[in-house]
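Contents: one structure, followed by commentary.
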Number of protein chains: 2
Amino acid sequence: MAERRTRADAVSNRVRIVEVARELLTTTSDLAMNAVAKAAGVGQGTLYRNFPTREALLTEVYRADVERLVASAPELLAEHDAVTALRMWLDNVADYAQVKRGVLAALEPASGHDLAGRAGPPGRRSGPVAGHAEPAVGHAEPAVGHADPTAGHTGPIGEAIDRLLAAGRDEGTLRADVDAGDVLLLLGFLSRPEAAGRARHVLDLILDGLRVR
Amino acid sequence: MAERRTRADAVSNRVRIVEVARELLTTTSDLAMNAVAKAAGVGQGTLYRNFPTREALLTEVYRADVERLVASAPELLAEHDAVTALRMWLDNVADYAQVKRGVLAALEPASGHDLAGRAGPPGRRSGPVAGHAEPAVGHAEPAVGHADPTAGHTGPIGEAIDRLLAAGRDEGTLRADVDAGDVLLLLGFLSRPEAAGRARHVLDLILDGLRVR
DNA sequence: ACCTGAACACCGTTCAAGT
DNA sequence: ACCTGAACACCGTTCAAGT
């Protein structure tokens, strides 16, 4: 008797939200939550129940792309040496960042709003403030303030990178003191608009720094 | 008869705004304009006349630090080879980014809001939308869409970097195909909170990529 | 079980009116 | 000449009330 079927309208709402969001992102890269709700023809509450954070929504929007990207890493490793595979994979990421204008940008931490208090006397103040769902690509759990031990769960993208790095380490062609977190930090430049024409070139520099001398 | 003295209250307002902003930035890294005006005890209009954009305000807040940073480049070059000088200079930048939490972050493009229209029937709609003053550090004039020719006026920081790069090029120790824009893009990682413990290490990787093999 | 939309607490920015 | 602050057009997020 468990596993009750979700209502049909609920399902269609969810997919419509994602579709609309994807479409809006081709134009705006900003993605105002209110705008998504309006464009999808649902109340804000519906939007928020389905996607408690903007990250959650973006994760869903780009899920297929991220999976493709992740899946390509072992495929490239099967046919090329690690350095070449890494290079090709990074080019894929760059292309992806190019096309999906603002994906990486949209997934950025969203800054402030975590000061807990605001000291507001009037109003609601009930649930937890928000709480960062896992981002689809790059930069997981900042754990603000203290450097977290166990360092790095960086999500599926991070695992793909680690696979490429490990292969290079085994070959002796990539530095052993580099992990996915380092690479993700370096890749952050792709989210900047100034990276437009230079992505390839900067990737050259990065890759050069990752190789053993 | 030109050069009329500015009113005393105007002057004190301006310096108070900057002081207050600097202080707020030690706590928040967010810097809401309204909050600055309130804390400084001035109307929003006064704030905006003095600093038409958030960048303009931040530039003023960090002017002294930026100048120090820029001035240190030739000093380092006088006493060390180019690679060492660059390395030390980058360490300085990292320290700076560490202490002034959110400087680089605060100076980021601020994303969207440039779609000109919004198609709003009611309301004002008068002056130009905004217009990006020059940032104090990193990433000048995106010129969204087209890769601008003449590539790179990257401000004083960019010039300091170019000086360091040129020295290395002359020595034959730094790659000739790298410019300040590349380095600024790579340095962007410093603005991410995840860079906290790893800044030095990632700088190692970057520097390695900049050296001739 | 799911939905809507008013309501709250914020933003940035402008501009009429004051001194 | 400079200032204030109300006002406008947005945000994100929550929650009472509906179906």
Side-chain angles (χ1 to χ4, degrees), chain A residues 3-14 16-17 21 24 28 30-38 40-58 106 110-133, chain B residues 2-14 16-17 21 24 28 30-38 40-58 106 110-115 117-133:
Chain A
E3 294 292 296
R4 303 189 35 70
R5 284 245 301 287
T6 37
R7 258 164 49 177
D9 59 338
V11 176
S12 80
N13 274 342
R14 188 169 222 273
R16 200 165 60 259
I17 287 170
L24 288 180
T28 324
D30 243 357
L31 200 67
M33 293 300 262
N34 280 344
V36 173
K38 172 133 64 164
V42 302
Q44 301 97 300
T46 299
L47 172 55
Y48 275 91
R49 196 165 0 78
N50 279 283
F51 304 101
T53 66
R54 196 196 326 282
E55 282 78 10
L57 176 52
L58 291 167
S111 69
H113 292 294
D114 44 337
L115 304 189
R118 284 275 194 208
R124 305 304 164 69
R125 179 137 306 285
S126 50
V129 179
H132 278 210
Chain B
E3 295 292 297
R4 302 189 37 72
R5 284 244 300 286
T6 37
R7 258 164 48 178
D9 58 338
V11 176
S12 79
N13 274 342
R14 187 169 222 273
R16 201 164 61 259
I17 287 170
L24 287 180
T28 324
D30 243 358
L31 201 67
M33 293 299 261
N34 281 344
V36 173
K38 173 134 63 167
V42 302
Q44 301 97 299
T46 300
L47 172 55
Y48 275 91
R49 196 163 359 77
N50 279 283
F51 303 101
T53 65
R54 196 198 325 285
E55 282 78 9
L57 176 52
L58 290 168
S111 70
H113 292 294
D114 42 337
L115 302 189
R118 284 271 195 213
R124 306 302 168 69
R125 178 138 305 284
S126 52
V129 179
H132 279 214

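Every chain is numbered from 1 and lettered A, B, ... according to where its sequence line falls, protein lines coming before strand lines.
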What is the base-pairing partner of D/dA1, counting Watson-Crick and G-U wobble geometry with both distances under 3.5 Å? C/dT19

Under 3.5 Å on both distances, the Watson-Crick or G-U partner of C/dA7: D/dT13

Distance, rounded to the nearest Å, where [X] contributes [atom1] and [N] contributes [atom2]:
X       : N      : atom1 : atom2 : value
B/Met33 : D/dC10 : CE    : C1'   : 17 Å
B/Asp30 : D/dG12 : CG    : C1'   : 14 Å
A/Lys38 : D/dG12 : NZ    : P     : 12 Å
A/Tyr48 : C/dA6  : OH    : P     : 17 Å
B/Asn34 : D/dA9  : CG    : P     : 17 Å
B/Leu57 : C/dG12 : CG    : C1'   : 14 Å

Taking atom NZ of A/Lys38 and atom CG of A/Leu24, what is their separation to the nearest 0.5 Å? 12.0 Å

Return the minimal non-hydrogen interatomic distance between A/Phe51 and A/Ile17, and the atom names on each side. CE1-CG2, 3.7 Å

So, for B/Ala21 and B/Leu31, which heavy atoms are closest and what is the spacing to 0.1 Å? O-CD1, 3.9 Å

Between B/Val42 and B/Asn50, is any pair of side-chain heavy atoms under 4.5 Å apart? no

Evaluate the criterion side chain to side chain contact (heavy atoms under 4.5 Å, CB included) for residue pair A/Met33 and A/Gln44; output intermediate values, then yes/no. CA-CA 8 Å; A/Met33 293 300 262; A/Gln44 301 97 300; over 6 Å; no

Enumerate the protein-to-nucleotides 2-4 of chain C contacts in which both atoms are nitrogen or oxygen and the separation is below 3.5 Å.
unit_1	atom_1	unit_2	atom_2	d
C/dC2	O4'	A/Arg7	NH1	3.3
C/dC3	OP1	A/Asn13	ND2	2.4
C/dC3	OP2	A/Arg49	NH1	3.0
C/dT4	OP1	A/Gly41	O	3.4
C/dT4	OP2	A/Gly43	N	2.7
C/dT4	OP2	A/Thr46	OG1	2.8

Those residues that, when tested against B/Arg16, pass salt bridge (Lys or Arg N to Asp or Glu O under 4.0 Å) (two or more places apart): none

